[in-house]
Amino acid sequence: MTTQLTSAPPTAEATRKARRRPEDSHAARGTRPGFLWALPATLFFTLFAIAPLIMVAVLSFMSWNGLGSPEFVGTDNWKRILDDPVMIRSIWLTLLLTALGVVLQTPLSIVLGVWAAGHQRNRAVLSAVFFIPLLLSATAVSVLWRALLDPNFGIPARMTWLFGDGNLFGEQATAIGVLAFVSTWQFTPFHTLIYQGAARAIPPVLYQAAEIDGAGRFRQFFHITLPQLRNSIVTSMILMIVGGLTTFETVLILTQGGPGTDTTISAYYMYQKAFKSFDFGAGAAIALCLVVAATIVSLIVVRVSGYDKMRSDMEGVS
């Protein structure tokens with residue numbers, strides 16, 4: 001004789017609880033932290049970024065020499081800088097230096113970052129030496145290269161067969177080349193670090209499958225590594241663009257905007273207007289133009305690359 005056990009059908013109350021459980025669970029609500037966790041950073045950003053930006057925007061409509069009370073002049077500052085040929089030239093020079101930085105640093109950083117993510121012999125030692133410029137400030141780097149490239153006792157003076165008269169700061173083309181080279185030398189390690197971390201996060205199984213299919217190193221690089229570095233490339237380019245638009249110390253120390261105004265970029269022209277001519281209203285207007293330009297260019301890069309539509313499946317995973 002056998003006994004058959006049957007389970008009773010679930011009650012209506014149990015069915016309702018089972019339906020509510022996924023909706024009320026922590027996983028269904030998501031694992032993002034609440035707003036209170038972001039409050040300290042929000043207050044800090046508001047105090048040291050948003051508030052000064054608002055003050056600069058207000059000052060751009062004022063006439064102030066640093067003493068006394070600012071006087072409202074409407075759009076006079078904006079009309080003056082937009083009609084200033086030096087300002088127009090500085091915008092093009094800024095865009096040129098920014099483009100040179102992106103073109104030079106991006107491929108070099110990707111190659112070095114992928115190499116540093118490997119397991120080559122002496123890789124750790126060479127990577128540590130290569131990252132030394134990243135530890136130096138922009139001022140220290142500029143002073144260093146100003147001494148090394150001095151036309152009187154620097155490297156060009158001893159290698160006239162390569163540098164001619166040795167004065168690399170005497171012509172616009174060579175001066176811009178020096179600025180682009182120094183910026184590349186200093187900031188390439190930073191972007192290399194970004195690509196190194198991204199390359200190490202690529203699943204090794206992709207390369208193993210490619211090797212089974214007979215793909216060599218070059219095909220693996222262009223068909224696996226580069227597509228997997230897409231997010232990092234966009235992030236790195238945005239940082240390069242913003243950094244290029246706000247470059248200041250390098251020009252101040254290496255060329256001081258010369259020869260003449262041939263390397264006077266917008267950030268340096270803002271410094272000249274505000275702190276040399278004591279025209280803080282015009283300087284504030286130039287600063288606001290830089291903020292707007294950096295924001296617009298960054299948004300264009302994000303939109304064109306599709307970065308704003310990318311989502312991580314690992315968000316909130318601990």
Mind listing the side-chain donor-acceptor pairs of residues 152-162 below 3.5 Å, one per line with the distance, residues two or more places apart or on another chain?
none

Under the side-chain contact (heavy atoms from CB on, under 4.5 Å) test, which residues partner [X], sequence neighbours left out?
X      : result
Leu47  : none
Glu171 : Thr174
Thr263 : Ala175, Ile176, Leu179, Thr255

Show the nearest heavy-atom pair for residues [X] and [Y], with the distance to one decimal.
X      : Y      : value
Gly260 : Thr264 : O-OG1, 4.3 Å
Asp262 : Arg89  : OD1-NH1, 3.7 Å
Leu239 : His191 : CB-CE1, 4.0 Å
Met240 : Thr106 : SD-OG1, 3.5 Å
Val129 : Pro133 : O-CD, 4.2 Å

Inter-residue atom distance [X].[atom1] - [Y].[atom2], 0.5 Å rounding:
X      : Y      : atom1 : atom2 : value
Leu226 : Tyr195 : CG    : OH    : 9.5 Å
Ser266 : Ile81  : OG    : CD1   : 9.5 Å
Leu97  : Ser90  : CG    : OG    : 11.0 Å
Leu229 : Thr235 : CG    : OG1   : 11.0 Å
Leu299 : Ile238 : CG    : CD1   : 8.5 Å
Ile88  : Leu82  : CD1   : CG    : 6.0 Å

Heavy atoms, side chains only, cut-off 4.5 Å: are [X] and [Y] in contact?
X      : Y      : answer
Leu245 : Leu95  : yes
Glu249 : Val141 : no
Phe130 : Leu126 : no
Tyr269 : Ile91  : no
Thr261 : Gln272 : no
Tyr268 : Gln256 : yes
Arg217 : Phe221 : no

Do [X] and [Y] share a hydrophobic cluster, counting only Ile, Leu, Val, Met, Phe, Trp and Tyr and linking them when any side-chain heavy atoms are less than 4.5 Å apart?
X      : Y      : value
Met55  : Phe275 : no
Phe190 : Val242 : no
Ile241 : Leu108 : no
Val234 : Ile194 : no
Trp92  : Val86  : yes

For [Y], is there any backbone N or O sitting under 3.5 Å from a side-chain donor or acceptor partner on [X]?
X      : Y      : answer
Thr75  : Trp78  : no
Thr247 : Gly243 : yes
Ser236 : Ile233 : no

Just to verify, what does Phe44 make a ring pair (Phe, Tyr, Trp, His ring centres under 6.0 Å) with, not counting sequence neighbours?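 Ring pair (Phe, Tyr, Trp, His ring centres under 6.0 Å) check on Phe44 returns Phe48.
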
Phe131: which residues meet the ring pair (Phe, Tyr, Trp, His ring centres under 6.0 Å) condition with it, sequence neighbours left out?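 If we apply the ring pair (Phe, Tyr, Trp, His ring centres under 6.0 Å) test to Phe131, skipping adjacent residues, there are no hits.
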
Sequence neighbours excluded and cut-off under 3.5 Å, please list the side-chain donor-acceptor pairs for residues 203-216, or say none.
{"unit_1": "Tyr207", "atom_1": "OH", "unit_2": "Thr225", "atom_2": "OG1", "d": "2.7"}

In the hydrophobic clustering that connects Ile, Leu, Val, Met, Phe, Trp and Tyr at side-chain heavy-atom distances below 4.5 Å, which members other than Ile253 occupy its cluster, ordered by chain and number?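 Listed partners: Val143.
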
Side chains of residues 276-297: which donor-acceptor pairs under 3.5 Å do they make with residues two or more places apart or in other chains?
{"unit_1": "Asp279", "atom_1": "OD1", "unit_2": "Arg80", "atom_2": "NH2", "d": "3.4"}
{"unit_1": "Asp279", "atom_1": "OD1", "unit_2": "Ala282", "atom_2": "N", "d": "3.4"}
{"unit_1": "Asp279", "atom_1": "OD2", "unit_2": "Arg80", "atom_2": "NH1", "d": "2.9"}
{"unit_1": "Asp279", "atom_1": "OD2", "unit_2": "Arg80", "atom_2": "NH2", "d": "3.0"}
{"unit_1": "Thr295", "atom_1": "OG1", "unit_2": "Val291", "atom_2": "O", "d": "2.8"}

Using distance only, find each side-chain donor-acceptor pair of residues 61-72 under 3.5 Å and give its atom names and separation, not counting sequence neighbours.
{"unit_1": "Trp64", "atom_1": "NE1", "unit_2": "Leu67", "atom_2": "O", "d": "3.2"}
{"unit_1": "Trp64", "atom_1": "NE1", "unit_2": "Gly68", "atom_2": "O", "d": "3.1"}
{"unit_1": "Asn65", "atom_1": "OD1", "unit_2": "Leu67", "atom_2": "N", "d": "3.0"}

Listing, residues 109-119 side-chain donor-acceptor contacts under 3.5 Å, not counting sequence neighbours, or none:
{"unit_1": "Ser109", "atom_1": "OG", "unit_2": "Gln105", "atom_2": "O", "d": "2.6"}

Ring pair (Phe, Tyr, Trp, His ring centres under 6.0 Å) contacts touching residues 164-187 (sequence neighbours left out):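 Sorted result for residues 164-187: Trp145-Phe181, Trp145-Trp185.
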
